[in-house]
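Remember, it's 1-based here, ligands and their atoms both numbered in the order they're listed. Note that this is a predicted model, so its numbers are computed, not measured. Along the sequence shown, residues are numbered consecutively beginning with 1.
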Amino acid sequence: MIEASCEFSRAITRLPARSIVDGLRAENTGDPDYEQMLRDHAHYVATLQQAGALVTELPALEAFPDSVFVEDVALCLPDIAVLMRPGAASRAGEIAQMAPVLHDRYAQVLEIGAPGHIEGGDILTTPGEILVGRSGRTDSAGIAQLAEIVEPRGYRLREVLTPPGVLHFKTDCSLLDAETILATPRLHASGCFEGYRVIHTADNEEAAANSIRYNDLVLMPAGFPLTRDRLLEAGYQVREINNCECAKLDGGMSCLSLRF
Ligand code: CIR
């Protein structure tokens, strides 16, 4: 399999739109504060840059409230990009907005067509395999279509399950290095990480699982001190970013960028 790891040079992000207040959410805990979200977003982008990323910040798309969560619309591998087919109908139009951006950066851009659905938040790429969680947004047909694209190119894909009630597979896990995963105990209990070293999020800190490793830095949501200390003790360099506004829309560190 082609090595896909935590070493990246580029990232794509999109400015939040004011329409973010109409974004999807499993539970209504109030609308996000747009100005605070902009500040958090700027901190996120600056931290990616500090980690060595050349960041392309795309303009806000008012017609698509959830478009700040760019991760869901594509899978960026070292040699190809694959445009997804979101399970959320309100997000389908985001694909056409991302397509030209990826065509400018990749020689090969493929696309998941009907009938399947798949969102990038359900995909965890490790150096050895691509794990894809079936979820409310990602179905077996979409996963099989992605397998048809990536397997002939030398990638191994494994279908796993996103826990019930959890938006995306990566809501509950992140890759910390080639063999280490940060995961919630509930996801780890499903048995999908055999062969990996797993660091658990602390009790009541499940939301810390959606972190990202970008080169030497781990970007994690602020407010989860016990999990942060576990990462520090394990030797990772951690940067905490306020995520309270995105969290109101079930979004986190991974959702906010495409990394390649
Ligand atoms: C949605 O429900 O689609 C957005 N409100 C949140 C998407 C978060 N994306 C992710 O976990 N990769």
Numbered atoms and elements of ligand 1 in range of [X], under 4.0 angstrom, heavy atoms:
{"X": "Cys255", "answer": "8 (C), 9 (N), 10 (C), 11 (O), 12 (N)"}
{"X": "Arg137", "answer": "1 (C), 2 (O), 3 (O)"}
{"X": "Asp72", "answer": "7 (C), 8 (C), 9 (N), 10 (C), 12 (N)"}
{"X": "Arg91", "answer": "1 (C), 3 (O), 7 (C)"}
{"X": "His168", "answer": "9 (N), 10 (C), 11 (O), 12 (N)"}

Inset, instruction - Please name all residues satisfying ring pair (Phe, Tyr, Trp, His ring centres under 6.0 Å) with Tyr106, sequence neighbours left out, ordered by chain then number. - result: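 So Tyr106 forms a ring pair (Phe, Tyr, Trp, His ring centres under 6.0 Å) with Phe260.
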Legend entry - Heavy atoms of other groups near Asp203 CG, more than 12 under 6.0 Å: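 It does not: Asp203 CG has 12 such atoms or fewer within range.
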Any nitrogen or oxygen of [X] lying under 3.5 Å from a nitrogen or oxygen in ligand 1? Just yes or no.
{"X": "Asp66", "result": "yes"}
{"X": "Leu24", "result": "yes"}
{"X": "Leu249", "result": "yes"}

Inset, instruction - Could you establish whether Glu71 and ligand 1 come within less than 4.0 Å of each other, counting only heavy atoms on the residue side? - result: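 Contact present.
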For the residue pair [Y] / [X], report whether a side-chain donor-acceptor contact shorter than 3.5 Å exists.
{"X": "Glu159", "Y": "Ser140", "value": "yes"}
{"X": "Thr171", "Y": "Asn210", "value": "no"}
{"X": "His41", "Y": "Glu57", "value": "yes"}
{"X": "Asp177", "Y": "Thr180", "value": "yes"}

Inset, instruction - Show which residues join Leu61 in its hydrophobic cluster (side-chain heavy-atom contacts under 4.5 Å, direct or indirect), or state none. - result: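 Listed partners: Phe64.
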